[in-house]
Amino acid sequence: MVVVNLGCGRGWAREMGGRTALDRVLAYAGRLAPQSEVAVLLPPGESPDAVRDLRRLELRENTDAALIGALSELSRGRDNLYYVYGDCPFLDAGLSLTMMENHLRYVADYTFADGYPYGLAPEILKTAALPAVAAQLKTPASPLERDALFTLIGRDINSFDLETELSPVDLRQLRASLTTDSERNSLLCLRLAEDDPRDAGEVSRILQEKPEILRTLPAYIGIQIVEGCPQACFSCPYPVFGGDILRKRAFMDPAHFDALLEKIAAFCGDAVVGVSLWGEPSLHPDFIRLAESAARRPALRLLVETSGLGWGEDVLRGVRDLLGERVTWIVSLDASDEAGYLRMRGPGFAEAVGRAESLLELFPGQTYVQALRMKENEEGMETFFRTWREKTPQVIIQKYDHFCGFLPQRKVTDLSPLKRFPCRHLQRDLSVLIDGTVPLCREDLRRGRVMGNALAEDLPVIWARGAEVYREHLAESYNGICGACDEYYTFNF
């Protein structure tokens, strides 16, 4: 049986070449099984005409428990299930059949593809394994994510026999999702469809031969909402180019921030909005109004990277009430002891640690603690990691950034790829300063190549200007600060 899940928003209704994504998925399912063996999982209130002749099952809750319950009901009398989402227009039937052959040959409980962009291959599950999968469910149930099956199986992975279909070329680094669930991903699918790829091999070839199509819409927009900071960290360039940041206090007008979010939502559909570009966000006197602006645009998520200093408990609780799980916190600590913290960041260790712990209580699944790894604190990295891992699995060890030579080189090890590729940040990010200026990227501290002003101009116009620099990268030409950059291979979202 082929199980098609439509609980992924209404991306399945987007058209590509006269056919919706769902039409393409159902045609794919028809190559794997007869109509009687195709079932559709529907969210409440949805029943598209395309599935009226198929078996339908309503998912009353958008949770992993509801999914497992539905799969258990559909599994009766069947040995294995293909499981796919209805917004994946490039699913490859030939690849799927090969996966099923291996699934049966090696008597696997679960088979998945690895190294391919998401959206080309199904998950295959032996129905006899469903009780063991159900045993991994937690209470309360978790919101349903695309990787729900893999996540549940991963909780006790040694209890399952897994089979993996490996891509001939590992394309995970492209961060490509071949789905129509967002404007960004739909644009990539539309560009791919122009070449009418017949299978996963052709899709992979196109993505490698035409990397320009990967620059779609921004996924992450960093915004400077504050000029000023309570600390002058020696590993940060802001104290050097930002003036007297310990005394400096200027704030983005909440009305300007709201206008920016309106533009972002209209242009990108969804995006992660960071509010920590050069300045400590806790210093903003109207942070709640900024959170209210984000709350009014449900497709947007907020990212707050903070020292942990200066936050009021009432503000944090207000943000939680407004945004719930749509906000992520990163508390930068850089050391696990007060002496090391003083060297790295200055005074404030006890407050920062206390705030990190309170954020973990208020936002348990959305709070991370972070240390910037460099020569000066390398000896303490293991202690930092072990200390915080006892409290949370969400610990970030961040690579050092010398900002294209603006700061001394303090990195411990070279993580850069053997062969350079176009910058991920030019492909996926925008940075907006407090006055609306959009520099080339976050590394452009001296504003050497300004793309425009986000408060005065339309975002599509500004984004299009960055394409010129991206094309330079595609031609392996790295001009200006790009030549000395060590961040091109990192990514935010």
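Side chains are part of it too, since the values below use all heavy atoms of this structure and drop only hydrogens, waters and symmetry mates.
- Shown here is Glu325, whose CD atom has no more than 12 heavy atoms of other residues, nucleotides or ligands within 6.0 Å.
- In terms of modelled atom types and a separation under 3.5 Å, the side chain of Arg184 and the main chain of Leu217 share a donor-acceptor contact.
- The residues Glu46 and Arg10 are annotated as salt-bridged, a charged nitrogen and a carboxylate oxygen being separated by less than 4.0 angstrom.
- Glu37 CD: more than 12 foreign heavy atoms inside a 6.0 Å radius.
- A donor-acceptor pair under 3.5 Å links the side-chain atoms of Asn377 to the main chain of Met374, judged by distance alone.
- Within 6.0 Å of atom CZ in Arg198, 12 or fewer heavy atoms from other residues, nucleotides or ligands are found, so the atom counts as exposed in its surroundings.
- Taking the six-membered ring where the residue is Trp, Phe150 and Phe112 present perpendicular rings, their angle passing 60° and hence far from 30°.
- Within 6.0 Å of CZ on Arg78 lie more than 12 heavy atoms contributed by other residues, nucleotides or ligands.
- The 12-atom threshold is exceeded at CD of Gln409, counting heavy atoms of other residues, nucleotides or ligands nearer than 6.0 Å.
- A cation-pi arrangement is present between Arg420 and Tyr488, with the terminal nitrogen or guanidinium carbon under 6.0 Å from the aromatic centre and inside a 45° cone about the axis.
- With respect to the salt-bridge test (charged N to carboxylate O, under 4.0 angstrom), the residues Asp114 and Arg172 qualify.
- The pair Glu457-Arg465 meets the salt-bridge criterion, with a side-chain N (NZ, NE, NH1 or NH2) lying under 4.0 Å from an Asp/Glu carboxylate O.
- For Arg146 and Glu123, the salt-bridge test fails: no basic side-chain N is under 4.0 Å from an acidic carboxylate O.
- Few gaps surround CD on Gln398; more than 12 heavy atoms of other groups in view lie less than 6.0 Å from it.
- The aromatic rings of Phe267 and Trp463 sit perpendicular, their planes meeting at an angle over 60°, well past the 30° parallel limit.
- Other residues, nucleotides and ligands contribute only 12 or fewer heavy atoms inside 6.0 Å of the NZ atom of Lys210.
- Between Gln366 and Thr328, the side chains place no donor N or O within less than 3.5 Å of an acceptor N or O (distance only, hydrogens not considered).
- Checking each of Arg55, Arg56, Arg60 against Glu58 for a salt bridge (Lys or Arg N to Asp or Glu O under 4.0 Å) leaves exactly one that passes, namely Arg60.
- Checked by atom type, the side-chain pair Glu165/Asn102 shows a donor-acceptor distance below 3.5 Å.
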Could you give the side-chain donor-acceptor pairs of residues 135-142 under 3.5 Å, partners two or more places apart or in another chain?
| unit_1 | atom_1 | unit_2 | atom_2 | d |
| --- | --- | --- | --- | --- |
| Gln136 | NE2 | Ala132 | O | 3.3 |

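- Residues Pro439 and Leu433 form a side-chain contact, since some pair of their non-hydrogen atoms from C-beta on lies under 4.5 Å apart.
- Using a 4.5 Å cut-off on side-chain heavy atoms (C-beta onward), Asp181 and Cys8 make no contact.
- Glu305 has no carboxylate O lying under 4.0 Å from a charged side-chain N of Arg442, or vice versa, which leaves the two without a salt bridge.
- Using a 3.5 Å distance cut-off with no hydrogens or angles, the side chains of Tyr400 and Arg410 do pair a donor with an acceptor.
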Requested in this report: Quick one: do Arg449 and Glu443 satisfy salt bridge (Lys or Arg N to Asp or Glu O under 4.0 Å)? Show the steps, please.
Outcome: CA-CA 11 Å; Arg449 199 164 183 173; Glu443 306 290 298; over 6 Å; no

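- No side-chain donor-acceptor contact under 3.5 Å links Asp199 to the backbone of Leu95.
- Salt bridge annotation for Lys126-Glu163: absent, with no cationic side-chain nitrogen under 4.0 angstrom from a carboxylate oxygen.
- Salt-bridge formation is not detected for the pair Arg191/Glu212: no Lys NZ or Arg NE/NH1/NH2 atom is positioned less than 4.0 Å from an Asp or Glu carboxylate oxygen.
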